[in-house]
Amino acid sequence: MSLMSEDADPSEQRAAARSAAVNAQQSRVTFNRLELNRILNLYGRMVADGEWRDYAIDFLKDRAVFSVYRRASEVPIYRIEKDPRLARKQGMYSVISATGLILRRGHELERVLLVIDRKLAVV
């Protein structure tokens, strides 16, 4: 004897749950491959220099955040955010310090990351 009614088909329930999960993922803001590659290249150089030690990536409904930590137990020293709602205004990319101060905001990720990328420092 089955506990399910004749109307409920398990495969249909699984398909509905799967499509709901896909729709939830599609509504999130993410970094594309080129953006993530640029951020991780910077992260790798800073880890090699011994300045950064850990990171976290959050894909939220309204923005994507890449947080950089000096130690895993601390607050992030930098947050690199992508907020598409600001694309036509100040620019969708921003670098935010640990205190919440927006260090740079712009339309191009490369230009925004220059505020924390010290490889071009002139002596």
Side-chain angles (χ1 to χ4, degrees):
M1 189 186 283
S2 175
L3 295 175
M4 295 175 49
S5 68
E6 293 177 11
D7 297 342
D9 183 14
S11 61
E12 288 178 8
Q13 290 175 350
R14 277 189 235 118
R18 196 175 312 121
S19 67
V22 168
N23 289 338
Q25 287 179 345
Q26 288 176 350
S27 66
R28 291 185 181 178
V29 177
T30 61
F31 291 110
N32 66 31
R33 182 178 293 246
L34 295 175
E35 295 165 342
L36 200 55
N37 188 28
R38 174 64 179 102
I39 293 169
L40 288 174
N41 282 338
L42 172 62
Y43 175 78
R45 281 197 314 274
M46 294 300 209
V47 167
D49 290 343
E51 294 187 32
W52 296 351
R53 299 205 187 272
D54 201 8
Y55 72 93
I57 302 176
D58 297 310
F59 299 128
L60 307 172
K61 187 173 183 178
D62 59 339
R63 67 187 190 276
V65 182
F66 187 94
S67 303
V68 177
Y69 297 87
R70 190 175 311 269
R71 291 178 193 85
S73 62
E74 295 181 351
V75 296
I77 54 175
Y78 295 111
R79 288 189 335 251
I80 302 164
E81 293 191 1
K82 176 182 177 180
D83 191 347
R85 294 176 299 169
L86 300 174
R88 293 180 179 237
K89 297 178 182 176
Q90 303 110 345
M92 74 171 120
Y93 302 106
S94 59
V95 174
I96 303 170
S97 71
T99 60
L101 178 69
I102 298 174
L103 301 176
R104 185 171 287 177
R105 178 175 283 162
H107 298 282
E108 298 173 11
L109 182 62
E110 290 283 330
R111 305 263 325 210
V112 171
L113 290 179
L114 286 178
V115 75
I116 53 178
D117 192 358
R118 297 187 186 111
K119 74 173 184 170
L120 299 176
V122 178
V123 177

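Keep in mind that this is a model prediction, so the values were computed, not measured.
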Close side-chain approach of [X] to [Y], heavy-atom, < 4.5 Å:
X   : Y    : result
T30 : L36  : no
I80 : I116 : yes
I39 : I57  : no
V75 : Y69  : no
R38 : D117 : yes
L40 : F31  : no

Specify the closest pair of heavy atoms between [X] and [Y], including all atoms of both residues, with the distance to one decimal.
X    : Y   : answer
G50  : R53 : O-NH2, 4.2 Å
R105 : Q90 : CD-CB, 3.1 Å
H107 : A87 : CE1-O, 3.0 Å

Show me the donor-acceptor pairs within less than 3.5 Å that the side chains of residues 91-102 make with the rest of the protein, sequence neighbours left out.
{"residue": "Y93", "atom": "OH", "partner": "E35", "partner atom": "OE2", "Å": "2.2"}
{"residue": "S97", "atom": "OG", "partner": "T99", "partner atom": "N", "Å": "3.4"}
{"residue": "S97", "atom": "OG", "partner": "T99", "partner atom": "OG1", "Å": "3.0"}
{"residue": "S97", "atom": "OG", "partner": "L101", "partner atom": "N", "Å": "3.4"}
{"residue": "S97", "atom": "OG", "partner": "L101", "partner atom": "O", "Å": "3.4"}

* Asked: Quick one: which of L86, V112, V29, V65 gives a side chain to side chain contact (heavy atoms under 4.5 Å, CB included) with E81?
  ->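 For E81, the side chain to side chain contact (heavy atoms under 4.5 Å, CB included) check succeeds only for V65.
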Value rounded to 0.5 Å, distance of [atom1] in [X] from [atom2] in [Y]:
X    : Y    : atom1 : atom2 : answer
L114 : L103 : CG    : CG    : 12.5 Å
F66  : L42  : CZ    : CG    : 8.5 Å
K61  : R63  : NZ    : CZ    : 13.5 Å

- [ ] Return each pair, listed once, that meets salt bridge (Lys or Arg N to Asp or Glu O under 4.0 Å) where at least one residue sits in residues 83-100; pairs must be two or more places apart or across chains.
- [x]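 Listed once each, the pairs are D62-R85, D83-R85.
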When you measure from the side chain of D58 to the backbone of L60, do you find a donor-acceptor pair of N or O atoms at a distance under 3.5 Å?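 Looks like no, no N/O pair under 3.5 Å.
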**Report entry** Y43: ring pair (Phe, Tyr, Trp, His ring centres under 6.0 Å) partners, not counting sequence neighbours
**Finding:**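 In terms of ring pair (Phe, Tyr, Trp, His ring centres under 6.0 Å), with neighbours along the sequence ignored, Y43 is linked to Y55.
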